[in-house]
Amino acid sequence: HVQLVESGGGSVQAGGALRLSCKASGNLYRKNCLGWFRQAPGKEREGVGGVYTGGLPPFYADSVAGRFTISQDDTENTIYLEMSGLKPEDTAMYYCAARPPQRSELCEYWLVSRRAAENYWGQGTQVTVS
């Protein structure tokens, strides 16, 4: 049973925009940390941004702040990553992830933690900017 499903990736021109979606199961979605990660070939995995779905503002890596926006739709158990002003360096596989529900650290810390193997992960969606 799939618990995180990403969609919306594709190929766009530099300067373009794209919106990614991540639909989560109810147990993972409610009052939890959900976030977006990306990884390009030969580069470290990077936490792009995240949100605590219980009612706190989203937060972002410096590399995307001002260009990317995370939003949520509680009726659909879905978070979104709206990307604008896309650059070639944004090219990567983008993954949705959720903090294991039994953990309780602040979501900003969860996003940059070294415990990624414990996360719930989507299968990823490719974003290519050229």
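Hydrophobic cluster of Tyr120: the remaining members, joined at side-chain heavy-atom separations below 4.5 Å, are Leu4, Leu28, listed by chain and number. When hydrophobic side chains of Ile, Leu, Val, Met, Phe, Trp and Tyr are connected at separations under 4.5 Å, Leu106 ends up clustered with Tyr109.
Residues forming a side chain to side chain contact (heavy atoms under 4.5 Å, CB included) with Gln39 (at least two apart in sequence, or on another chain): Arg45. With sequence neighbours excluded, the residues satisfying side chain to side chain contact (heavy atoms under 4.5 Å, CB included) with Ala17 are Ser84. Not counting sequence neighbours, the partners of Asn77 by the side chain to side chain contact (heavy atoms under 4.5 Å, CB included) test are Tyr29. In this view, Tyr60 and Pro58, Val64, Ala65, Thr69, Ile70 satisfy the side chain to side chain contact (heavy atoms under 4.5 Å, CB included) rule, not counting sequence neighbours. Looking at residues two or more places apart in sequence or on another chain, you find a salt bridge (Lys or Arg N to Asp or Glu O under 4.0 Å) between Arg115 and Glu118. Residues satisfying the ring pair (Phe, Tyr, Trp, His ring centres under 6.0 Å) test with Tyr95, not counting sequence neighbours, are none.
Pairs passing the disulfide (SG to SG under 2.5 Å) check and including a residue from residues 65-94, sequence neighbours excluded, do not occur. Sorted by first and then second residue, the disulfide (SG to SG under 2.5 Å) pairs with a member in residues 37-87 form an empty list; sequence neighbours excluded. A side chain to side chain donor-acceptor pair (under 3.5 Å) check over residues 85-94, counting only residues at least two apart or in different chains, returns the pairs Arg38-Asp90, Arg38-Tyr94, Arg67-Asp90. Sorted by first and then second residue, the pairs that involve residues 68-98 and meet disulfide (SG to SG under 2.5 Å), not counting sequence neighbours, are Cys22-Cys96.
Taking each heavy atom of Thr78 and Ser21 in turn, the nearest pair found is CG2-CB, 4.3 Å. Looking at every heavy atom in both residues, Thr128 comes nearest to Gln126 through OG1-NE2, 3.3 Å. Closest of all the heavy-atom pairs between Trp110 and Ala97 is CH2-O, 3.7 Å. Closest approach of Gly47 and Ala61 over heavy atoms only: O-CB, 3.4 Å.
Judged by distance alone, the side chain of Asn32 and the main-chain N or O of Thr53 form no donor-acceptor pair under 3.5 Å. A donor-acceptor pair under 3.5 Å links the side-chain atoms of Trp121 to the main chain of Ala116, judged by distance alone.
The closest side-chain heavy-atom distance from Lys23 to Asp73 is not below 4.5 Å. At a threshold of 4.5 Å between non-hydrogen side-chain atoms, the residues Leu18 and Phe68 do not count as touching. Leu20 places none of its side-chain heavy atoms less than 4.5 Å from the side chain of Glu6.
Atoms CE and OG1, from Met93 and Thr125 in turn, are 6.5 Å apart once rounded to the nearest 0.5 Å. A distance of 12.5 Å separates OG in Ser7 from CD in Gln123, rounded to the nearest 0.5 Å.
Cluster membership check: Leu34 shares its hydrophobic cluster with Val48, using side-chain heavy-atom separations under 4.5 Å among Ile, Leu, Val, Met, Phe, Trp and Tyr. Hydrophobic clustering of Ile, Leu, Val, Met, Phe, Trp and Tyr side chains at less than 4.5 Å, counting indirect connections, keeps Val12 apart from Tyr80. Val129 and Trp36 fall within the same hydrophobic cluster, defined by Ile, Leu, Val, Met, Phe, Trp and Tyr side-chain heavy atoms under 4.5 Å apart, directly or through other members.
A 6.0 Å sphere centred on CZ of Arg30 holds no more than 12 heavy atoms belonging to other residues, nucleotides or ligands. The environment of Gln102 atom CD is dense: over 12 non-hydrogen atoms of other residues, nucleotides or ligands sit within 6.0 angstrom. Atom CD of Glu46 has more than 12 heavy atoms from other residues, nucleotides or ligands within 6.0 Å.
Side-chain polar atoms of Ser113 and Glu105 form no donor-acceptor pair below 3.5 angstrom.
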